[in-house]
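I have placed the structure first, in the form of structure tokens, so that the comments after it can refer back to it.
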Amino acid sequence: MDVTQVGTNNNALMIRVSGRMDAVTAPDFEKTLNQWIDDGNHRIVADLSGLEYISSAGLRSILVIAKKLKIKNGKIILAGMEESVHEVFEISGFNAIIPIVDTVDAAVNQI
Amino acid sequence: MSMLELPAKIENMEALMTFVSDRARSLGFSARRIKEIELASEEALVNIINYAYKDCDGIIRIVCSGDPIHLIIQIEDYGSAFDILSLSDPDTTSSLTEREVGGLGVFLIRKLMDDVTYSRQDGRNILTLFVRLPDA
């Protein structure tokens, strides 16, 4: 899994997540995002178009990050996820608690 | 039938998962279904590493076999007896603030596999995943 900053847009930190978010890699995602939030980034747009796989460990990390941002009056929007990843969000009901949009542009408009 | 046995360590996850996905690939499952099989397997393996062997070391054995219409993935450990299928489903409708972190793994296994069974035999937990073959 790779998670990288790709700039800022509409006062939001733009990030890209690719590869596999599983029990092995999810803790790295959480640690990296926690650091960026502590640096003062409270509005985050995550481009997930390169994310191939997510398990409950990945969902759990995203939930932790979304809760932390909510406390700081911030938010994270997830964009561009492929069908198999979207399915996992849907089964888990995460599509109802974390904003998910089709494109990064739509996410920037909503953040 | 094919079998792989490794210490129940997070660093062995990749080898265990690759063993299952290679088997699924050789049976002609779609890329999408292979990811679902990997996901169910990962959730079962993580449960063993985090709970069955919480306070001790142990091994995980995966046995892949089949019947005329299923790929059958048997995941075994010698940890404390625990039927993960006895867990109730998490509330998937609660709000962001109320949503609990956890409890989703078993729920995903149930939703994605065609059938799942648990048994306790000779000091082993045996979780068996049944996946209907692509042309069955």
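Chain identifiers are assigned alphabetically (A, B, ...) following the order of the sequence lines, protein sequences preceding nucleic acid strands; residue numbering begins at 1 within each chain. It should be emphasised that the depicted structure is a prediction, and the values quoted were computed from it without experimental measurement.
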Inset, instruction - Could you tell me whether A:Glu87 and B:Arg32 have a side-chain N and a carboxylate O separated by less than 4.0 Å? - result: yes
Inset, instruction - Check each atom of A:Ala66 against the heavy atoms of chain B and say whether the ones under 4.5 Å are side chain, backbone, both or neither. - result: both
Inset, instruction - Check the hydrophobic clustering (I, L, V, M, F, W, Y; side-chain heavy atoms under 4.5 Å; chains of links allowed) and say if A:Ile37 and A:Val45 are grouped together. - result: no
Inset, instruction - Return yes when atom CD of B:Glu14 has more than 12 non-hydrogen atoms of other residues, nucleotides or ligands closer than 6.0 Å, and no otherwise. - result: no
Inset, instruction - Identify the two heavy atoms, one from A:Ala23 and one from B:Val46, that lie closest to each other, and give their separation to 0.1 Å. - result: CB-CG2, 3.4 Å
Inset, instruction - Would you mind checking which part of B:Glu36 comes under 4.5 Å of any heavy atom in chain A, side chain (CB onward), backbone (N, CA, C, O), both or neither? - result: side chain
Legend entry - Common cluster, A:Ile65/A:Met21, ILVMFWY with side-chain heavy-atom separation under 4.5 Å: yes
Inset, instruction - State, with a plain yes or no, whether a side-chain heavy atom of B:Leu39 is found less than 4.5 Å away from one of A:Ile54. - result: no
Inset, instruction - Identify the two heavy atoms, one from A:Ala57 and one from B:Glu42, that lie closest to each other, and give their separation to 0.1 Å. - result: CB-OE2, 4.4 Å
Inset, instruction - With a 4.5 Å heavy-atom cut-off (strictly below), which parts of residues 47-78 of chain B touch chain A? List them by number. - result: none
Legend entry - Transitive ILVMFWY side-chain link A:Leu69 to A:Val108, under 4.5 Å: no
Legend entry - Cluster check B:Val20, B:Leu27: I/L/V/M/F/W/Y, side chain < 4.5 angstrom: yes
Inset, instruction - Please say whether more than 12 non-hydrogen atoms of neighbouring residues, nucleotides or ligands are located less than 6.0 Å from CG in A:Asn34. - result: yes
Inset, instruction - Give the member of B:Leu96, B:Leu112, B:Leu108, B:Thr92 that has the highest number of heavy-atom pairs under 4.5 Å with chain A. - result: B:Leu96
Legend entry - Option from A:Glu83, A:Glu82, A:Arg20 for which side chain to side chain contact (heavy atoms under 4.5 Å, CB included) with B:Lys35 holds: A:Glu82
Inset, instruction - Flag yes if A:Val88 and B:Met113 sit in one hydrophobic cluster, no otherwise; membership is Ile, Leu, Val, Met, Phe, Trp, Tyr, and two members link when side-chain heavy atoms are under 4.5 Å apart. - result: yes
Inset, instruction - Say whether A:Lys70 and B:Thr97, considering side chains only, have a donor N or O and an acceptor N or O under 3.5 Å apart. - result: yes
Inset, instruction - Would you list the pairs meeting salt bridge (Lys or Arg N to Asp or Glu O under 4.0 Å) in which at least one residue belongs to residues 22-42 of chain A, sequence neighbours left out? - result: A:Asp38-A:Lys68
Inset, instruction - Count the heavy-atom pairs under 4.5 Å between each of B:Lys111, B:Glu43, B:Met17 and chain A, then report the option with the highest count. - result: B:Glu43
Legend entry - Heavy-atom donor-acceptor pair, A:Lys67 side chain to B:Arg99 backbone, under 3.5 Å: yes
Legend entry - Closest heavy-atom pair and its distance - A:Phe94, B:Leu104: CE1-CD1, 3.5 Å
